[in-house]
Structures are given as structure tokens and as C-alpha cells.
Participant: 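Encoded as C-alpha cells, here's the structure I'll be asking about.
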There are 2 protein chains.
Amino acid sequence: MQKNIIDELAELAIGARMKRLYESLSRDVMKIYADHHLNFETKYFTLFYLISKRGEIGIMDIAEELSLSHPGVINLAKELEKKGYIESFKPPGDNRKRSLRLSKKGLKALPEFELVWNKIYKTNKLLFAKQQHHLLKALEETEALLEKESYYKRFKKVNP
Amino acid sequence: MQKNIIDELAELAIGARMKRLYESLSRDVMKIYADHHLNFETKYFTLFYLISKRGEIGIMDIAEELSLSHPGVINLAKELEKKGYIESFKPPGDNRKRSLRLSKKGLKALPEFELVWNKIYKTNKLLFAKQQHHLLKALEETEALLEKESYYKRFKKVNP
DNA sequence: TATTTTTACGTAAGTAAATACGTAACTACT
DNA sequence: AGTAGTTACGTATTTACTTACGTAAAAATA
């Protein structure tokens with residue numbers, strides 16, 4: 001319960017705190033996948049979920065949506081393909097492109113994943129419900145403000 | 001302004017969102033250091049600050065405080081030492097230990113750093129003041145709750 | 001005091017990403 | 001149709017860490 005320096009730093013080390021919290025959540029979610037006998041890691045979630053929602057989608061579109069570099073997407077996709085959850089194909093009309101979709105195994109496993117995601121969703125809802133300051137809403141607000149005017153610009157305005 | 005899948009995912013991709021926000025802030029803060037002609041990166045902040053506060057501190061104690069692995073600390077320290085801001089020495093009494101402290105250059109630069117940190121602090125204060133849901137307080141609350149009972153345990157309780 | 005265990009540190013190897021760079025295909029323009 | 005610019009993707013390299021492992025010093029214990 002003792003505060004360490006990052007807690008004390010508060011406004012200055014907010015990045016470090018988010019990272020710390022993210023990593024702790026990530027580890028626990030991984031345990032949850034393992035408990036459900038799903039050969040899956042937290043880092044795959046957004047990609048797998050996105051593909052499941054879109055049916056099929058190209059590499060660059062994924063990179064855009066997930067704010068990842070395209071080599072990052074290629075690597076994640078390679079791993080998910082190796083695990084057998086997705087497959088790639090050449091969409092007609094553009095020979096540069098490669099698109100991803102769920103494989104048979106992925107489609108079959110999807111309901112199981114959805115069950116887990118549902119449970120995670122419920123857990124989070126309850127966790128946040130108890131809080132005065134809602135982490136998700138705070139994130140949303142901060143993102144929205146920074147989209148209107150970047151942190152850098154705000155900094156310059158505050159410190160001319 | 002259009003929502004992408006990570007925004008829609010809300011409670012499920014909260015980790016990804018924190019990461020995204022962290023990276024965007026990190027980039028802007030780096031620009032700020034550059035504008036102030038400080039040869040410094042965001043990632044060094046917690047280490048440099050910690051050393052400046054403690055005067056001197058050993059590798060393992062740093063790792064503990066910053067929630068980093070000790071090889072991580074060694075690497076960061078190596079870089080900060082190369083930049084000339086810190087130096088290491090053998091503290092008396094324990095021959096296994098190596099401790100870090102600010103170098104002359106580090107001590108000399110400290111007021112400049114403190115000026116920048118002060119400006120960042122002000123910027124953050126103003127940014128958060130505008131918000132209904134305070135990101136920092138939300139982080140604090142979440143961390144406190146998860147310290148009482150881990151996310152994993154909460155998950156199991158919610159989904160028996 | 002001798003032995004075992006723990007602690008502090010360093011190095012090596014692995015991982016999850018990014019950036020940099022190159023090629024081929026498509027688009028726009030002449 | 002030919003050229004210039006852009007886009008989509010892949011590979012190579014770099015970065016910022018981590019975990020795994022080894023060694024020496026200190027502490028605990030027999």
C-alpha cells in the first residue's frame with residue numbers, strides 16, 4: 001500500500017502509470033484465456049476481434065484501425081495464422097493487396113472467444129461501476145480533448 | 001473524429017487505448033525536451049527524477065520503485081551515463097552493490113529539467129481540470145481497487 | 001566455522017513492437 | 001501509351017524492453 005515514486009509523481013509520470021496498469025491487466029487476461037483453454041494472448045485480441053467483425057479486411061486497413069504499423073500487423077497476422085485462427089487471401093481487383101479472414105478453426109472457436117470477452121466485459125463494468133472517476137470515460141475525454149488540440153500545442157499555449 | 005474499432009471496443013480494449021494515449025503523450029513530451037535543447041527522452045524521466053530525489057540509490061532499489069526489471073535499469077542507466085547526466089559508484093559496506101547519482105553535468109542541468117517538468121505539470125493540471133472524469137484519479141482508483149483484489153480474482157468472482 | 005540460502009548484479013538471449021527501405025501494382029496526368 | 005506519384009506490402013534492422021541464467025557477496029543457519 002506504500003506509495004512509490006511513480007505514484008507520487010502523479011501528473012508527470014502518468015504515462016508510466018498507464019503502462020504499469022496495462023501490463024498488469026494484460027497478464028491477468030492472459031491467465032483467463034489459458035483457464036479457458038484458448039491458445040491466445042492479449043495482444044491478439046484487437047486484431048482477431050476486428051477480423052471477426054469485418055469478415056475480411058486488408059493489412060493496411062487493419063494497421064489504420066488499430067494504430068499499429070503495418071509490419072506489426074503482418075507479424076501478428078503471421079502468428080494468428082500459425083495458430084490456425086485466421087487465413088489470408090488475395091482479394092480480387094487489386095494485386096498488391098492481401099486480406100485476412102477467420103479460418104474454419106477461427107470461426108468455430110469464435111463463440112468461445114465471445115463468451116470470454118463477454119465475461120471480461122462484465123468484470124470491467126463492475127470494476128468501473130464502483131469508481132468515482134471512471135477510467136474509460138476519463139480516457140475518452142482525454143483523447144477527445146487532445147484530438148481537438150494536441151498536447152504539444154496545449155503545452156505551448158500554457159507556457160509561451 | 002470518426003470512431004475506430006478500438007474506441008467502440010471500450011471496456012475490452014482499454015489496455016490498447018491506454019497504450020495509444022501513452023505513446024502519443026510520449027512523443028509530444030519528447031518534442032518538448034528537444035525544444036528546450038535537452039538531450040533527453042521521455043523514457044529516462046522516472047529514472048533521472050528518482051536519482052535526483054534520492055541523491056544516490058542502488059540498481060535493485062530503482063527496479064523496485066519503477067516496476068522495471070533490473071537489466072532494464074542497467075540499460076537505461078548505461079544510456080544516461082553515456083549522456084553524462086549520471087555516474088555510478090560502489091557504495092561502502094556491500095561489495096555486490098552499485099549505486100547511481102547525478103554527475104556534475106546532471107546536477108547542473110537539473111534546474112533546467114525542473115523548469116520543463118514544472119511546465120508539463122501545469123499543462124497536465126489544466127488539461128485535467130477541464131474534465132468530468134479525471135484520468136489521474138481514475139488511474140489511482142483503479143490501481144487501488146486492483147491492489148485490494150486482483151483483476152484475475154475479480155473476474156473469477158464475477159464469472160464463477 | 002562450514003554450509004546453505006538469498007541478494008545484487010551482469011550478460012545473453014528472446015520478444016514485441018517500431019522505423020527504414022525496397023519492390024511491385026495501381027492511379028493520375030500528359 | 002509513357003511517366004510520375006502513390007499505395008500496399010514485405011523484409012531488414014533497430015529499439016526497448018523482458019526472462020533466463022550465471023557469479024560473487026552477504027546473510028541465515030547448522
Side-chain angles (χ1 to χ4, degrees), chain A residues 6 13 15-27 29-31 40-48 56-83 86-100, chain B residues 6 13 15-27 29-31 40-48 56-83 86-100:
Chain A
I6 289 184
R17 294 184 73 157
M18 285 196 292
K19 202 174 150 200
R20 198 174 57 179
L21 180 56
Y22 165 68
E23 275 158 13
S24 136
L25 286 175
S26 218
R27 263 189 295 276
V29 169
M30 223 128 109
K31 273 197 277 181
F40 201 72
E41 290 171 46
T42 317
K43 64 175 172 161
Y44 301 129
F45 167 67
T46 52
L47 175 58
F48 189 67
E56 59 177 79
I57 181 168
I59 302 291
M60 292 307 292
D61 299 327
I62 294 171
E64 174 83 4
E65 283 255 33
L66 302 185
S67 306
L68 280 178
S69 66
H70 83 266
V73 174
I74 289 172
N75 277 331
L76 282 179
K78 206 178 284 171
E79 292 171 40
L80 270 185
E81 201 161 7
K82 206 166 165 188
K83 285 177 191 292
I86 64 169
E87 59 191 25
S88 80
F89 65 101
K90 282 270 169 200
D94 190 336
N95 270 316
R96 294 167 305 177
K97 276 203 169 186
R98 181 163 74 92
S99 287
L100 303 178
Chain B
I6 288 186
R17 294 183 74 159
M18 285 195 291
K19 203 174 146 196
R20 197 173 59 179
L21 181 56
Y22 164 68
E23 276 158 12
S24 136
L25 286 175
S26 218
R27 262 189 296 277
V29 169
M30 224 130 109
K31 270 197 279 181
F40 201 73
E41 291 172 45
T42 316
K43 63 173 172 161
Y44 301 128
F45 167 67
T46 51
L47 175 57
F48 189 66
E56 60 178 79
I57 181 170
I59 302 292
M60 293 307 292
D61 299 326
I62 294 169
E64 174 82 5
E65 283 257 31
L66 302 184
S67 305
L68 280 176
S69 65
H70 81 267
V73 174
I74 289 172
N75 276 332
L76 282 178
K78 208 179 283 171
E79 291 171 40
L80 270 186
E81 201 161 5
K82 206 167 164 188
K83 285 178 190 292
I86 64 169
E87 60 190 25
S88 80
F89 64 101
K90 282 272 172 199
D94 190 335
N95 270 315
R96 294 167 303 178
K97 276 202 169 184
R98 182 164 72 91
S99 288
L100 304 178

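All heavy atoms count here, side chains included; hydrogens, waters and symmetry mates do not. The chains referred to below are lettered A, B, ... by the order of the sequence lines, with proteins before strands, and numbering in each begins at 1.
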Participant: Quick one: pull up CE in B:Met18 and OH in A:Tyr22 and give me the separation to the nearest 0.5 Å.
Facilitator: 8.5 Å
Participant: Give B:Glu23 one of three labels, base, sugar-phosphate or nothing, depending on what nucleic acid heavy atoms sit under 4.0 Å from its own.
Facilitator: nothing
Participant: Could you tell me the separation between the CG atom of A:Asn75 and the C1' atom of D:dG10, rounded to a whole number of Å?
Facilitator: 10 Å
Participant: So what does A:Ile59 hit on the nucleic acid, given a heavy-atom distance under 4.0 Å: a base, only sugar-phosphate, or nothing?
Facilitator: sugar-phosphate
Participant: Checking all strands, does B:Glu41 fall into the base, sugar-phosphate, or nothing category for heavy-atom contacts under 4.0 angstrom?
Facilitator: sugar-phosphate
Participant: Is there a side-chain contact between B:Leu47 and B:Leu68 (heavy atoms, below 4.5 Å)?
Facilitator: no
Participant: So do the side chains of B:Thr46 and B:Glu65 get within less than 4.5 Å of each other, counting heavy atoms only?
Facilitator: no
Participant: Do B:Lys97 and B:Asp61 have side chains that approach each other closer than 4.5 Å (heavy atoms only, starting at C-beta)?
Facilitator: yes
Participant: Could you check which of D:dG10, D:dC17, D:dA8 has an atom nearest any side-chain atom of A:Met60?
Facilitator: D:dA8
Participant: Between A:Phe40 and A:Tyr44, does the ring centroid distance fall short of 6.0 Å?
Facilitator: yes
Participant: Does any non-hydrogen side-chain atom of B:Leu21 lie less than 4.5 Å from one of B:Arg17?
Facilitator: no
Participant: Tabulate atom names and distances for all N/O pairs under 3.5 angstrom spanning the protein and nucleotides 26-28 of chain D.
Facilitator:
unit_1, atom_1, unit_2, atom_2, d
D:dA26, OP1, B:Asn95, N, 2.8

Participant: Going from CG on A:Asn75 to NE2 on A:His70, what distance comes out if it is rounded to the nearest 0.5 angstrom?
Facilitator: 10.0 Å
Participant: When you look for runs of 3 or more Watson-Crick or G-U pairs in a row, both distances below 3.5 Å, which of them include DNA chain C?
Facilitator: C:1-30 with D:1-30
Participant: Quickly work out the B:Arg98 CZ to D:dA25 C1' distance and round it to whole Å.
Facilitator: 16 Å
Participant: Which is more 5' along DNA chain C, the nucleotide nearest B:Ser99 or the one nearest A:Lys43? Just name the residue.
Facilitator: B:Ser99
Participant: In Å and rounded to the nearest 0.5 Å, what is the CG to CZ distance from B:Leu66 to A:Arg20?
Facilitator: 9.5 Å
Participant: What is the distance, to the nearest angstrom, from the NZ atom on B:Lys19 to the C1' atom on D:dA16?
Facilitator: 12 Å
Participant: From the options D:dG10, D:dT19, D:dT11, select the nucleotide whose nearest atom is closest to the side chain of A:Lys78.
Facilitator: D:dT11
Participant: Give B:Lys90 one of three labels, base, sugar-phosphate or nothing, depending on what nucleic acid heavy atoms sit under 4.0 Å from its own.
Facilitator: nothing
Participant: When you compare the side chain of A:Ile57 with that of A:Glu64, does any pair of heavy atoms fall below 4.5 Å?
Facilitator: no
Participant: Are any non-hydrogen side-chain atoms of A:Lys43 and A:Glu79 less than 4.5 angstrom apart?
Facilitator: yes
Participant: Below 4.0 Å from chain B heavy atoms, what is the first contacting nucleotide of DNA chain C and what is the last?
Facilitator: C:dT7 to C:dA17
Participant: Could you tell me whether the side chain of A:Ser99 and the main chain of A:Glu56 form a donor-acceptor pair under 3.5 Å?
Facilitator: no
